[in-house]
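In what follows, a structure is listed as C-alpha cells, so that the remarks can point back to it.
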Amino acid sequence: MRNEVRKAVMDALAPLLSRAGTDKAALPYIAIEVPEDKFGDFSTNVAMVCTKFLKIPPRKIAEELLPTLKENQLFSAVSIAGPGFINFSVKPERWIEDFRSIPDDNSEYGSLPPVLGEKVLIEFVSANPTGPLHIGHGRGAAVGDSLARLLKKAGYDATTEYYTNDTGLQMENLGRSTLVRYRQLMGMDATLPENCYQGEYIKDIAREIVDRDGNRYMDMPETEALPFFTTYTAGNILEDIKKDLAHFRIGFDTWASEKFFHESGAVEQTIQKLREQGSIYEKDGALWLKTQYLAGDEKDRVVKRANGITTYLAADIAYHDDKYRRGFTRIIDIWGADHHGYVARMKAAAKALGQNPDSLQPMLIQIVSLKKGGEVVAMSTRSGKFTTLKEVVDDVGVDAARFTFLTRSHEAQLEFDLDLTKQQSSENPVYYVQYAYARISNIFKTAQARGVEPFPENPAWHRLTVDDEIKIMKRALFFPALVEDAAKGLAPHQTTHYLVELAGLFHKYYNVNRVVTDDLELTGARLAMVARLRTVIKNGLELLGVVAPETM
RNA sequence: GCGCCCGUAGUUCAGUUGGAUAGAACGCCAGAUUGCGGUUCUGGAGGUCAGGGGUUCGAAUCCCUUCGGGCGCACCA
C-alpha cells in the first residue's frame with residue numbers, strides 16, 4: 001500500500017522534475033508516513049523536501065501536485081496542510097481489498113521480494129570460550145538473531161556466524177586456570193594467579209578431568225600439560241555456550257575459528273599482502289597498521305609484536321578478509337559497547353583490504369543492567385561474579401527474555417527488570433502480545449464448538465464497519481512496511497513496539513465487540529478479519545523468535 | 001587528560017535518514033466490566049526533550065559549549 005502511495009507521488013512529481021531539468025536520482029529522501037489519524041492514512045513531506053531543489057515554495061509545489069494526485073483512484077481525498085504536507089485518505093474498499101489478501105491460515109505474510117546484489121553476513125555473540133554467556137551476550141544474541149530473521153524476511157540473503165577466539169594469551173590463562181584448580185584438587189598447594197579466571201565453573205571442569213584421568217598430569221611439566229588443559233577447557237565451555245544458545249533458540253549458519261586463520265597461514269598472508277601494498281610498516285621491531293591514516297584512529301595499531309607473535313587484530317583482519325572473499329557485500333559485526341574503540345581499527349582494515357569502509361557496519365550493543373527486587377544487581381566480568389544468560393532464561397523464560405531484549409534500541413542502555421519480566425500479566429508486553437494471539441485462537445475454538453463455519457468462502461467484508469475494525473486492518477497492513485523500515489534501519493526493536501500496538505488495538509476491540517454471535521454473516525466477516533490479524537501477529541513474533549501460543 | 005556513546009513524563013523507554021499540538025507502557029487518580037478465556041477496558045493528571053547558544057521556512061533530531069552519567073584509551077582478546 002505504502003509503495004503505491006510512493007509511486008503516485010513520484011509520478012505526480014515527474015513533470016516538475018523534467019521541467020526543472022533534473023532527474024530523480026539526485027532527489028533527497030522523500031518520506032511517506034503514517035501520520036496521526038486526523039490527517040488521514042498517509043502523508044508526505046515531498047513538497048518541503050523538494051523546495052530547495054526546485055526553488056519553489058513548498059505550498060506551491062503541493063498545489064501543483066494536487067490535481068494529478070486527486071485523479072488517482074487509490075485515494076478518496078488528498079489535501080494540503082500545515083507548511084506543505086500532502087495528506088492522503090485511501091478509499092475504504094481499497095483497504096479491505098488489500099487486507100483480504102493477507103493469508104487467513106497463519107502462513108507466510110510480509111516477506112519482501114529478494115534484494116539482488118547484496119549478501120549480508122551478521123556476526124554476533126562471538127564470546128570467547130573462557131566462561132559462560134552472561135546477560136549482555138544474551139542481548140547481543142537476541143538482537144543478532146532477530147536482525148537476521150528480519151533481513152531474511154526483507155528479502156536479503158543473510159547469513160549468521162559465530163567467531164570463536166580459541167587461541168592466544170587469554171586461552172593460555174584459561175588453561176592455566178584449570179591446571180591450577182586441578183592441582184589443588186590433587187592436594188597440591190597452588191595459588192591461582194591474578195590474571196586467571198576465578199569462576200566456579202573452572203573448578204567443575206578441573207573436577208571432570210580428575211574423574212577422567214586421575215593424577216596423570218601431576219608429573220608433567222607445565223609446558224606439556226598446558227595445551228591439553230587449554231583445549232579441554234575451551235572445548236568444554238564452548239559446548240556449554242552452544243547449549244545455552246540452542247536453548248535460547250539461537251542458531252548459527254556457520255562457525256569461524258581464530259585458530260584456523262592462524263594455522264592455515266591466512267594471518268601471515270594477509271599481513272604480507274597489506275605490507276606489500278603499503279598499509280603496514282615496521283617500527284620498533286613490530287608491524288603496525290596505518291589505522292590513523294586509513295580511518296582517523298587515535299594511533300596506529302600493532303598487528304605483529306616484536307616477539308614475532310601476531311595480535312588479535314591481525315587475526316581479525318584476516319577473518320574479515322575472508323568474509324569479503326566469501327562474497328559478502330555487507331558485513332554486520334555486533335559487538336559490546338565496550339568495543340567502540342575497535343570500530344576505527346576495523347574500518348581501517350576494511351579500507352586497507354580494498355573494501356568500502358561503509359560495507360562494514362559494526363553495531364554496538366549497549367550494556368544491560370539487571371534489576372531485581374527494585375535494586376540494580378552489580379556485575380563484574382573477570383572476577384566471575386556475573387549473572388549468566390542461563391540463570392536469567394531459567395528464571396523468566398525464553399520468550400520473555402528475548403522480547404525484553406528487543407524492546408529497546410540496541411544503542412540505548414537497557415534495564416532488565418527480572419520481577420517484571422517474570423510476571424505473566426498485561427504489564428509485561430510479551431504476555432500482552434502473546435495473549436492477543438491466544439485469544440484469537442480461542443475465538444476459533446468457540447466458533448467451532450458452536451458449529452460455525454470458521455472460514456466462510458465469501459466473507460461479508462462490507463459488514464466490518466466498526467471503527468476499531470478499520471484501525472486493525474490498516475495497522476495489520478502496515479506489517480510489510482514495518483519489515484522494510486526495521487530491516488533498513490537495522491532496528492529489530494521496532495517489531496516489538498508494533499506488536500504491542502497491534503495487540504492493544506485488538507484487546508480494545510475484543511473488549512467491546514463479540515466476534516461469534518447469532519448473526520452468521522457478521523460472524524463470518526469478523527472471523528475472517530481476526531484470522532488475518534492472527535497471521536500478522538504470528539509472523540511478527542516469528543521475527544523476534546518468540547512463540548505464538550494457542551493457549552496461555 | 002584525550003576520544004566515543006548517552007541525557008525525553010514519577011519509572012522504563014519510543015520518536016520513521018530535520019516536519020504538523022513530543023508518544024507508549026508501567027505507576028498514580030477516577031470510572032466501567034454477570035459476556036469468546038483468566039492476565040480486560042475507558043478517561044485523566046503528568047514535559048524547560050539536562051542548561052545555554054547557533055544553523056533554517058521548521059530542531060528532541062544537525063553544529064558549538066557547559067553540566068551530569070557510561071565506556072574506551074595495550075606489542076590483551
Side-chain angles (χ1 to χ4, degrees), chain A residues 28-29 31-36 38-39 43-45 48-49 51-52 57-59 81-85 87 128 130 165 167-171 173 195 258 283-288 296-299 301-316 336-344 364 366-367 369 371 407-409 411-417 420 423-429 431-432 434-435 438-447 449-450 481-482 484-486 488-489 491 493-494 496-497 500-501 504 507-517 530 551-552:
Chain A
Y29 178 81
I32 308 290
E33 298 178 338
V34 178
E36 286 176 61
K38 62 179 176 184
F39 293 126
S43 78
T44 180
N45 60 355
M48 283 114 79
V49 171
T51 294
K52 274 192 190 132
R59 286 200 74 106
F85 284 99
N87 294 325
N128 296 1
T130 54
N165 307 122
T167 183
L169 208 62
Q170 293 303 336
M171 281 295 112
N173 290 339
N195 58 3
E258 183 186 358
K283 194 184 90 181
D284 303 334
L287 294 181
W288 302 70
D297 198 1
E298 294 165 24
K299 51 171 283 193
R301 307 290 171 175
V302 170
V303 289
K304 192 174 194 174
R305 290 181 254 163
N307 64 11
I309 294 173
T310 49
T311 62
Y312 171 82
L313 176 64
D316 218 5
D338 54 342
H339 282 61
H340 67 75
Y342 208 69
V343 172
L364 301 175
Q366 285 296 328
I367 56 165
S369 62
K371 200 172 165 188
T407 50
R408 308 301 179 213
S409 155
E411 53 200 12
Q413 296 187 9
L414 169 76
E415 186 169 280
F416 196 109
D417 189 328
L420 174 64
Q423 229 173 87
Q424 304 198 5
S425 75
S426 62
E427 289 166 38
N428 188 348
Y431 286 98
Y432 190 71
Q434 287 185 315
Y435 190 46
R439 265 192 161 160
I440 295 173
S441 302
N442 194 61
I443 289 174
F444 281 98
K445 280 177 204 150
T446 304
R450 296 197 191 166
L482 170 90
E484 187 186 341
D485 291 351
K488 205 169 277 180
H493 72 282
Q494 290 182 356
T496 54
H497 290 272
V500 168
E501 191 190 343
H507 285 309
K508 184 180 165 210
Y509 171 73
Y510 177 93
N511 196 248
V512 290
N513 299 284
R514 298 184 59 74
V515 172
V516 182
T517 60
V530 297
T551 58
M552 296 293 279

Next item on the list: Ignoring backbone atoms, establish whether H493(A) has a side-chain N or O less than 4.0 Å from OP1 or OP2 of U12(B).
Entry: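 For U12(B), neither OP1 nor OP2 has a side-chain N or O of H493(A) closer than 4.0 Å.
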
Notebook entry, point to check: Does a nitrogen or oxygen in the side chain of K371(A) sit under 4.0 Å from OP1 or OP2 of C26(B)?
Noted result: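 No, K371(A) has no side-chain N/O under 4.0 Å of OP1/OP2 on C26(B).
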
Measure from [atom1] on [X] to [atom2] on [N] and round the result to the nearest Å.
X       : N      : atom1 : atom2 : result
Q413(A) : U11(B) : CD    : P     : 16 Å
I367(A) : G7(B)  : CD1   : C1'   : 14 Å
D316(A) : A77(B) : CG    : P     : 11 Å
D417(A) : U11(B) : CG    : P     : 15 Å

With the side chain of [X] defined as its heavy atoms from C-beta on, choose the nearest nucleotide among [options].
X       : options                : answer
H507(A) : A77(B), C41(B), C13(B) : C41(B)
D284(A) : G15(B), C41(B), C75(B) : C75(B)
E258(A) : A77(B), U16(B), A74(B) : A77(B)
E298(A) : C73(B), C13(B), U16(B) : C73(B)
S43(A)  : G72(B), C75(B), A20(B) : A20(B)

Check: Can you name the nearest heavy-atom pair linking K304(A) to G308(A), along with the distance?
Finding: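 Closest approach of K304(A) to G308(A): CE-O, 3.3 Å.
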
Item checked: Heavy-atom closest pair, residues A447(A) and V516(A) ->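 Nearest heavy atoms, A447(A) then V516(A): CB-CG2, 4.0 Å.
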
Check: Taking the same atom, P, in C13(B) and in G3(B), what whole-Å distance lies between them?
Finding: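 Going atom to atom, P in each nucleotide, I get 28 Å.
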
Margin query: I'd like the C1' distance from G70(B) over to C62(B), given in whole Å.
Written below: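 Comparing C1' positions in C62(B) and G70(B) gives a spacing of 23 Å.
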
Checklist line | Derivation and outcome, side-chain contact (heavy atoms from CB on, under 4.5 Å), residues T446(A) and R514(A) | finding: CA-CA 11 Å; T446(A) 304; R514(A) 298 184 59 74; over 6 Å; no

Check: Mapping E411(A) and V34(A) onto RNA chain B by nearest heavy atom, which one lands closer to the 5' end?
Finding: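 Of the two residues, E411(A) wins.
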
Check: Hey, which of these two, N87(A) or Y312(A), hits RNA chain B nearer its 5' end, going by closest nucleotide?
Finding: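 Going by which nucleotide is closer to the 5' end, it is N87(A).
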
Would you mind pulling out the nucleotide paired to [N], Watson-Crick or G-U wobble, both distances under 3.5 Å?
N      : answer
C28(B) : G44(B)
G3(B)  : C71(B)
A59(B) : none
U33(B) : none

Item checked: Non-hydrogen side-chain atoms of H493(A) and R408(A) separated by less than 4.5 Å ->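 The answer is no; the side chains never approach within 4.5 Å.
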
Item checked: pair M48(A)-P83(A): side-chain heavy atoms closer than 4.5 Å ->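 Yes, close enough: below the 4.5 Å cut-off.
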
Note to self: Between A25(B) and T407(A), counting only base atoms on the nucleotide and side-chain atoms on the residue, is there a donor-acceptor pair under 3.5 Å?
What the structure shows: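 Side chain to base: no pair below 3.5 Å.
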
Next item on the list: Report yes if a donor N or O on one partner sits less than 3.5 Å from an acceptor N or O on the other, where the partners are the side chain of H339(A) and the base of G72(B); otherwise report no.
Entry: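 Answer is no: no donor-acceptor pair is held.
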
Table of protein N/O atoms under 3.5 Å from nucleotides 34-37 of chain B N/O atoms:
from   : atom 1 : to      : atom 2 : distance (Å)
G35(B) : O2'    : R514(A) : NH1    : 2.7
C36(B) : O2'    : N442(A) : ND2    : 2.7
C36(B) : N3     : V515(A) : N      : 3.4
C36(B) : N4     : Y510(A) : O      : 3.2
C36(B) : N4     : N513(A) : O      : 2.5
G37(B) : N7     : N442(A) : OD1    : 2.2
G37(B) : N7     : N442(A) : ND2    : 2.1
G37(B) : O6     : N442(A) : OD1    : 3.0

Next item on the list: Using a heavy-atom cut-off of under 4.0 Å over every strand shown, decide if H340(A) touches base, sugar-phosphate, or nothing.
Entry: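 If one applies the 4.0 Å heavy-atom cut-off, H340(A) turns out to touch a base.
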
Next item on the list: Classify the nucleic acid contact of A412(A) as base, sugar-phosphate or nothing, counting any heavy atom under 4.0 Å across all strands shown.
Entry: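 Since only primed, P, OP1 and OP2 atoms lie under 4.0 Å of A412(A), the category is sugar-phosphate.
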
